[in-house]
Each structure stands twice: as structure tokens, then as C-alpha cells.
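Residue numbers start from 1 in every chain, and the chains themselves are labelled A, B, ... in the order their sequence lines are given, proteins ahead of strands.
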Amino acid sequence: MQERYTPADIEKKWQLFWEEQSTFVAEMSSPLPKFYLLEMFPYPSGRIHMGHVRNYSIGDVVARFKRLRGFNVLHPMGWDAFGMPAENAAIQNNIHPAKWTFENIANMRTQLKSMGFSYDWSRELATCDPDYYRWEQLIFLQMFEKGLAYKKSSFVNWCPSCQTVLANEQVEDDGCWRCDSKVEQKELEQWFFRITAYAEELLEATNHLPGWPETVLTMQRNWIGRSIGCEIDFPVAGRAQAIRVFTTRQDTLFGATFMSLAPEHPLALELTVPERRAEVEAFIAKVKTQDKIKRSSDDFEKEGVFTGSYCINPVTAHKMPIYLGNFVLMDYGTGAVMAVPTHDQRDFEFARKFDLPMVVVIEPQGVLLNPESMTEAWTGPGHLVNSGEFDGLANDAAKEAIADVLERRKIGKKTVNYRLRDWGVSRQRYWGTPIPIIYCDDCGMVPVPEKDLPVILPTDVPFTGEGGSPLAKSAKFVEVLCPKCGKAARRDTDTFDTFVESSWYFARYCSPQATHAPVDKAQVDYWMPVDQYIGGVEHAVMHLLYARFFCKVMRDLGFLAADEPFTNLLTQGMVCKETQSCPTHGWLYPEEVVEGQCLKCGTPALAGRTEKMSKSKKNVVDPDKLIAQYGADTARLFSLFAAPPEKHLEWNDQSVDGCYRFLNRVWRLVFEHRHLVAAGGFEQDGPARNLRRLTHRTIRKVTEDIDGRFHFNTAIAAIMELVNGISAFEGKTTCPAVMREAVETVVRLLAPFVPHVTEELWSHLGHAEGLEAAGWPVWDAEAIVDDEKVIVVQVNGKMRGRITVAADLGDEEVKVQALAEANVARALAGQTIRNVIVVPNRLVNVVIG
RNA sequence: GCCGAAGUGGUGGAAUUGGUAGACACGCUAGGUUCAGGGUCUAGUGGCUGUAGGGUCGUGCGAGUUCGAGUCUCGCCUUCGGCACCA
């Protein structure tokens with residue numbers, strides 16, 4: 001054994017060992033209970049970053065721990081390989097997206113392997129592989145048959161920079177989630193997945209996911225946005241038509257004095273009287289050009305225009321003028337709102353502006369509302385007035401009563417409305433899964449027959465970067481014979497949103513080589529659902545909602561049995577680092593700052609905020625450099641020790657040093673004791689008993705911290721304490737058996753965190769078989785038992801002393817000794833003792849005064 | 001505006017059920033080893049106060065419940081995240 005710890009040599013050695021032994025290949029045939037552990041797979045950008053290191057280090061601890069604890073663990077890895085950066089690289093550097101992607105994958109695979117993660121590499125998949133996306137095309141065809149995939153023309157979010165459509169979830173602050181460009185509205189024919197058909201189940205099931213963080217569930221519930229209310233028909237005056245509105249406030253129906261329609265509402269122009277036509281058309285045109293940022297900002301003024309037509313309030317029979325309002329959204333509810341100015345703030349502002357009538361219909365307790373003097377709408381509770389037969393009812397009760405009456409009279413019905421909208425999946429891009437649909441002039445839209453799958457993405461297309469998808473320009477791809485009639489026809493040239501691939505990859509991992517179906521039923525039902533899923537919280541809505549939706553769709557198509565894909569979810573925090581900048585050279589990489597000065601000009605570097613590591617701010621640390629300098633084990637240990645997984649991790653070079661020093665210390669500890677033979681049994685008294693107690697306490701603590709709690713930082717701290725305890729024990733006495741056990745325990749407990757160095761140390765401790773064979777240590781309940789206990793003594797809640805007594809000493813005797821403690825006795829001198837509280841085995845509190 | 005999470009030494013963070021606040025680590029200080037540096041080992045390290053035993057203050061701010069509050073309740077401040085004209 002070498003005296004010095006040299007990570008480079010030993011890490012390579014053990015990575016090779018695991019690969020040769022197929023240590024991490026998962027088999028369904030195992031008699032052990034299954035455990036499916038999954039981390040979100042990466043986009044092959046070319047290099048792994050510290051976020052990956054953290055995510056996959058967390059996952060690897062759990063995977064290795066579960067293996068040691070006797071589970072049959074599935075821990076796969078693959079590549080979310082379709083997406084825009086590959087296409088951009090093609091345009092900018094004239095390299096084919098496929099070549100670029102596979103080179104990146106090769107590089108990142110090497111990097112991940114150098115971290116020593118326990119993946120079953122035999123299951124590796126890349127979503128850009130036809131063997132993967134062909135099954136996605138098949139699922140799509142079956143969804144199409146069932147009406148779960150459909151095409152419609154609609155206004156869509158368009159990113160002018162990416163030249164493609166974005167789903168609502170992919171628009172952040174009116175900017176593109178990927179490139180931040182301002183999103184525009186564009187009318188296009190698009191494919192949609194009917195996720196709204198699953199809105200209720202997706203929402204309801206959030207109540208049965210106890211293993212998910214509450215924040216993520218709340219975000220998903222908000223996103224689905226269920227609201228209960230009524231649809232009510234308002235007849236148009238002088239016509240046979242009616243306008244249908246959605247409202248959650250049917251209790252205010254008697255106060256509805258006008259109607260607001262979305263400018264895009266189909267009846268908008270139809271209801272406009274000729275003399276107002278020019279004004280209305282101008283208004284509609286204006287709203288369409290207003291970008292969403294302004295339209296949705298707080299201070300944006302409510303604007304509107306009168307159509308000249310009226311409708312009838314079905315319960316009061318009053319005429320209500322019909323307006324178009326810029327604040328009415330066509331894609332929520334019915335695109336029409338019954339306006340109750342007294343009890344809705346927007347309607348109030350609108351009514352004031354256009355001098356429209358107001359009627360108070362809810363009277364709060366102790367407040368008299370007067371339409372003339374009101375300065376804002378009353379949206380709180382109260383009792384109904386001016387509401388005919390419903391007067392006097394509490395407005396809560398009136399909601400039910402009015403809804404019932406509307407249903408009986410057939411002018412309205414109770415409905416549930418969702419904020420969630422169908423998922424638009426067409427993208428005008430090349431590097432994605434082709435949509436298997438053919439357009440024939442005679443037969444219309446024809447699905448590609450299953451036997452003709454996959455529709456393969458052609459490789460010989462031009463990348464100009466100018467307007468539209470390269471696929472549309474490839475005659476070889478577009479021109480096809482209609483599968484129905486055999487005449488010349490055209491393929492769909494759009495590709496799927498890349499979130500489609502990541503919506504079912506977890507199922508494919510169960511049987512990645514299946515050649516007859518997307519998944520092998522027996523395999524997928526054995527492994528699914530994922531027992532523990534780990535990834536960034538930034539996917540709380542998009543990816544995690546789509547994946548849940550797909551799981552349910554695949555269930556209903558008969559591919560698998562699971563209702564939900566992920567039983568437990570851990571969302572890890574971001575990796576952050578202080579930014580540094582120079583007044584003349586802008587953001588600086590860490591290596592561009594030497595002794596606090598800009599390397600280029602010598603100006604003192606300015607320390608900025610601590611933010612998420614990003615290339616644009618240059619506050620990044622390259623995992624490769626970290627591995628080269630300290631080894632993978634140190635990189636893993638730091639990312640696990642510096643913060644609990646769900647919190648942000650703040651980068652600190654010195655703390656990395658500390659982790660490296662700790663591993664060196666463990667190395668020296670084993671080096672010194674490598675020949676120690678566990679002879680003579682365990683001494684039952686004195687320092688030996690104390691060390692053995694510490695050893696077994698540490699086993700218990702580390703086990704409990706990892707299992708379910710994921711408190712890796714405190715688990716590692718406990719192991720450090722054991723190491724400190726061993727050092728303190730040295731020289732006091734010698735009990736080889738206890739010492740040997742303590743040293744071996746350090747190695748075994750560290751194994752899930754730093755697998756290379758521990759395997760190496762384990763072998764130097766004379767074990768022919770690896771740590772895998774040793775399993776996870778078990779604590780001896782007897783060894784943990786205390787001989788003594790420390791009792792804290794308080795006087796009026798303030799700590800005044802502590803006493804050490806025999807562990808089995810009774811409460812009464814503890815009390816006597818507590819009162820006799822010197823410092824306590826001094827505090828009590830001349831005082832009247834009112835009460836003495838004894839908390840068994842913990843503390844005594846003397847109440848005086 | 002609404003919803004949610006967080007706020008603890010110089011720093012990252014502990015404190016699992018209301019019971020010793022600051023585990024563990026970084027940093028810093030002193031000393032040993034070393035020609036020196038690095039490494040390593042030992043001791044110390046929340047503020048104020050006292051020669052010392054000790055005292056006193058202290059978990060964003062203010063109240064409250066309790067023998068006892070970082071932890072529970074109420075109000076406020078700050079930061080971060082999500083949603084945001086959703087009828």
C-alpha cells in the first residue's frame with residue numbers, strides 16, 4: 001500500500017473493475033426487492049457541468065446505498081439528444097447535428113464514467129436514435145386514433161429567434177424559456193396533445209403523491225388551475241343567438257350590467273352594428289399588435305369598445321350593452337365575461353371609464369355599499385340584495401342556489417374550468433422526431449402505417465439558418481406516396497417538441513432493447529414506477545407534468561400499468577458561485593482573477609452577487625479540472641457535504657480543499673492500521689467501550705440520515721466525527737478489535753459517497769472481495785447503550801450546570817443530585833423552590849421566585 | 001396583488017418529537033514538526049464583561065403561549081421561487 005493518496009490511479013482502476021464485473025447491470029430475475037432510481041438525463045451539450053455532478057452524485061449515493069442494503073437497483077443513464085443547440089451548431093460551424101450530438105455524447109459519457117457513477121450502461125439510450133423515436137411515433141399514432149393528438153389552427157407562441165413554436169409552459173415572463181427572446185403570437189396549424197382530458201386526474205393525483213415536495217405539487221395545481229363555476233347563456237337582443245359566459249361568481253348574476261367579449265371572440269364582428277364597425281375593427285387590430293408584456297402588465301389600462309348590440313340578463317331581463325375588452329382572454333373560459341362592476345375590480349374600472357350602470361347585489365356585514373360613492377369593487381363575502389328570491393342568502397349559499405335554478409331553467413350549468421391548455425407539440429425544427437403524418441390532396445390527413453415506421457430524419461438536408469425548417473426544403477423527405485391511394489402526397493415537416501422524448505424515457509429504460517413495442521410489458525411493470533426521481537426544481541411544471549400525462553396515456557393505451565411515473569421526487573438546488581467582473585473586461589472566469597486582480601489589466605476584480613453557475617456570467621467551475629486536481633471522490637464529497645440536496649450549493653474552493661484533506665486523513669488512518677488484527681475481542685469498559693459506542697452510533701446515524709432523509713451533509717459530518725473519535729482514542733489504550741472495527745466502519749460508511757477510495761482502502765485492509773460483498777454495516781443495539789447520561793440543570797429555564805449520572809438512575813435521585821450541583825446550589829441559595837420539572841434522561845428545570 | 005419557501009457566528013451549515021443554540025467543516029489565532037514554503041499535529045475561536053469560578057446578551061424585527069421557544073401562535077420586515085387582467 002502506498003503511503004500517499006493518489007486518486008488518479010485508483011479511480012481508473014476501480015472504474016475498470018466495475019465495468020469488467022458488470023457490477024451495476026440490473027436484471028429482472030433477481031430475488032431482491034426492486035428499486036428504480038432515476039436522475040433526469042442530460043442534454044448532450046458537450047461537457048458536464050457542476051449541476052450534473054451534484055445531481056448525479058446525489059443519485060449515486062442513493063443507488064449505492066440501496067444496493068448495499070439489499071435492493072435490486074435499476075440506475076440507468078442516457079441522453080436527451082434532440083434539440084436546438086445541435087441545429088445551431090450545424091448552422092454556425094457547418095457540422096451535422098447528428099455528428100455534433102454523438103461526439104458530445106461520447107465526450108460526456110467519458111466524463112460521467114470518470115465520476116464513477118454506478119450506472120447500468122447497457123441500458124444507455126439516446127432519444128435521437130431511430131430505435132427510440134420510432135416508438136414515440138407509434139405512441140403518437142395511437143394517440144391520434146384515440147383523439148388524444150389532434151391538429152388545429154390557433155394563435156401560438158412564436159419565438160422569432162428560434163423560429164419555432166413554444167408551448168405555454170415554455171414561455172417565461174413573455175420570453176422564450178431557452179433563449180429569452182420576446183415571444184410573438186402567430187397563427188399556425190399545429191399538433192396538440194389533449195392533456196386537458198387528463199386535467200382532473202393530474203390534479204386529483206397530486207393529493208396522493210406524498211413523496212413529492214409540497215412546492216412542486218402546489219406549482220402543478222396552480223398550473224392546472226381548476227375553478228368551479230357556471231356557464232350561463234345570455235340571449236342577444238333581437239337575435240336567436242346567445243352568448244355563453246363562464247363565471248365563478250354566479251352569486252353576482254343579478255348585478256351583471258354589461259357584457260365583455262375578447263377581441264378575438266367569434267361573435268365580436270358579427271354583433272357589431274354597421275355604424276360602429278370601423279371603430280371596432282380598429283380596436284381589434286390594435287389589441288392584436290399589443291404585445292403580451294404590455295397587455296398583461298399591472299398598470300395596463302383597461303380599454304374597450306362598444307359593439308352597438310345588447311344582450312339580456314337572463315334573471316333580471318335588463319338590457320346589457322356588449323363591449324369588447326382588451327383584458328378578456330379568448331383562451332380562458334368561453335372568451336366572454338358577464339361584467340359585475342360592483343363586485344369585480346376590472347369590471348369596476350371598466351364601468352367607471354365608460355359610465356356603465358352599477359347595481360350592488362352583495363351587502364357585507366356592517367358596510368353600506370353605494371354604487372355612486374364606491375371607490376373599488378367589493379369582492380368579499382356578504383348577503384345578497386337586489387337579487388329577487390335569493391335576497392338575504394349568504395353569497396356562498398347563493399352560489400349553489402343560483403346554479404341549481406339556472407340548471408332547472410336550462411339557461412346555465414355548473415362547470416369546471418381549467419387554466420391548463422392542450423400541449424402544442426409541433427416545432428418547425430429539423431433536429432427532432434418527425435411527425436408521422438402524410439397529407440394527400442384526395443385523402444386528406446393520413447397517418448403513416450405502423451409497418452412504415454420509423455419515419456427517419458433525413459441526414460442530407462441544407463442548414464442555412466434562414467427561415468423555416470430544413471426538412472421542408474428536402475424534396476426527398478417531403479415527397480411521398482399516399483399510403484391510402486398511392487398518389488403523390490407530402491409529409492408533415494414539423495418535428496415534436498423535445499419534451500415529448502423526455503416524457504417516456506423512464507419507461508423505455510426498463511427494456512431499452514425492446515423491438516416489438518415501446519416497452520416490454522413484463523419488464524416495465526416489474527420496474528415501474530420510478531421509486532426515486534432526482535432533478536432540478538426548474539422542471540417542476542413542464543417536464544414533470546408532461547411525464548405524468550404520458551404515463552397515464554401509456555397506461556390507457558395498455559403499454560404499462562403504473563398510474564404515476566415517480567413515487568418519490570427530490571428536487572435539488574442549484575450550484576451557485578460568486579460572480580467576478582472587471583470594469584473594462586466584463587465578467588471574469590475564476591482563473592482570470594489572480595490575487596484579486598483581472599489577469600488582463602491588473603485592475604482589482606469586483607465581486608458580484610452569488611448566482612447560479614452559468615457560462616454567460618463566467619462563474620463556472622469545470623468538473624474535469626476538479627477531477628484532475630483532486631479526483632472524482634473529492635468532487636462528489638464536496639457536492640454532498642457543502643449543503644443539503646434540496647438547497648442551493650454555494651461553491652467554495654477552500655471547502656473543496658477541506659474535503660480533499662479529509663480523504664487524505666482517512667487514507668493515513670487506514671495506512672497506519674492496515675496490519676491491525678482484530679484479536680482479543682471487544683473490551684467492555686473504558687475508552688474501548690466508548691469508541692465502540694461511537695462506531696455503532698455513527699452507523700445508526702449515517703443509515704438514518706441517508707435513508708429517506710437525504711441528509712448527506714450530516715451523514716458525512718458524523719463520519720468525520722468518528723474519524724476524530726478514533727484519533728482521540730489512539731494512545732489512550734489499545735483494543736485492536738474495537739480499533740479495527742472503527743476503522744473498517746469509516747471505510748464502509750463512506751462507500752456510497754466516495755466509492756473509489758473506499759474500495760481501494762477496503763482491499764488494503766485485507767478483503768479479497770469488494771465492498772459490494774460486505775454489504776451495509778449493521779449497528780449493535782447493545783453497543784449503543786449508554787453507561788452514563790448527562791443531565792442539564794436549569795434554573796428558571798437558564799442553564800446553570802450539568803451532572804453526569806449512571807444511565808439507569810431514577811428521576812428522584814437525578815433531582816436530588818441536580819439540586820446539589822455546586823453552581824445550581826449557588827443560584828438557589830436563599831430562594832424558594834416553586835417547582836422542579838424533570839424531563840427523563842434530559843434535563844431538570846428548577847423554578848424559583 | 002396572490003401562493004409558497006427561506007432568514008442561525010467571519011463563511012457553508014447542525015440542532016429528527018418544544019428541552020445544553022452553533023455539531024461537522026471552512027477561515028482565523030497561537031504553538032510543535034520543517035532551512036523555508038506546503039503538508040501535518042496540538043490548542044483556541046458567537047458578542048460583551050470579569051484575574052478567575054462565572055455573569056450577561058444572542059437564531060431577521062415585535063408581541064404571545066410555556067417551567068422552558070431557533071422550533072408553536074399572531075403581526076411585520078427582507079430575500080428567493082412560482083402564478084399573475086383566469087372572469
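- Defined by atom type and a distance below 3.5 Å, a donor-acceptor pair is missing between the side-chain atoms of A:Ser260 and A:Arg346.
- Projected onto RNA chain B by closest heavy-atom contact, A:Val537 and A:Arg346 fall at different nucleotides, the more 5' of which corresponds to A:Val537.
- Following rounding to the nearest Å, A:Gln831 (CD) and B:rC67 (C1') show an atom-to-atom distance of 15 Å.
- Within a 6.0 Å radius of CZ in A:Arg352, other residues, nucleotides and ligands contribute more than 12 heavy atoms.
- For B:rA84, the OP1/OP2 oxygens have no side-chain nitrogen or oxygen of A:Asn222 closer than 4.0 Å.
- When all heavy atoms of A:Pro7 and A:Tyr630 are compared, the pair lying nearest together is CG-O, 3.3 Å.
- A:Phe350 has its ring centre less than 6.0 Å from the ring centre of A:Phe327.
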Taking protein heavy atoms under 4.0 Å as touching, what does nucleotides 12-26 of chain B look like 5' to 3' if B marks base contact, S marks sugar-phosphate-only contact and - marks none? SSSSB--BB--BBSS
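- Contacts of A:Arg221 with the nucleic acid, taken as non-hydrogen atoms under 4.0 Å apart, are absent.
- Computed from coordinates, the A:Asn664 CG to B:rC41 P distance equals 10 Å when rounded to whole Å.
- Side-chain nitrogen and oxygen atoms of A:Arg419 include at least one within less than 4.0 Å of the OP1 or OP2 phosphate oxygen of B:rA84.
- Listed pair A:Arg668 / B:rC41 meets the phosphate criterion, a side-chain N or O lying under 4.0 Å from OP1 or OP2.
- Ring geometry for A:His543 versus A:His539: interplanar angle over 60°, hence perpendicular rather than tilted (30 to 60°).
- A:Trp423 and A:Tyr546 have parallel rings, their planes meeting at less than 30° on a 0 to 90° scale where 60° marks the start of perpendicular.
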How would you summarise protein contacts on nucleotides 45-52 of chain B per nucleotide, using B for base, S for sugar-phosphate only and - for none, with heavy-atom distances below 4.0 Å? --------
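- The two residues A:Ala718 and A:Lys701 make their nearest non-hydrogen contact at CB-CG, 3.7 Å.
- Under the 3.5 Å distance criterion, with hydrogens and angles disregarded, no donor-acceptor pair is assigned to the side chains of A:Arg661 and A:Asn664.
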With Watson-Crick and G-U wobble geometry limited to distances under 3.5 Å, how should the secondary structure of RNA chain B be encoded in dot-bracket form, using | for bases paired to another strand and [ ] for crossing pairs? (((((((..(((......[....)))(((((((.....)))))))((((....))))..(((((..]....))))))))))))....
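- For the pair A:Met259 and A:Val337, the tightest heavy-atom approach, listed with the atom from each and the gap, is SD-O, 3.4 Å.
- Once rounded to the nearest 0.5 Å, the distance linking CG of A:Leu843 with CD of A:Gln794 reads 4.5 Å.
- A donor-acceptor contact closer than 3.5 angstrom links the side chains of A:Arg221 and A:Thr206.
- Checking B:rC3, B:rC67, B:rC86 against the side-chain heavy atoms of A:Thr218 singles out B:rC3 as nearest.
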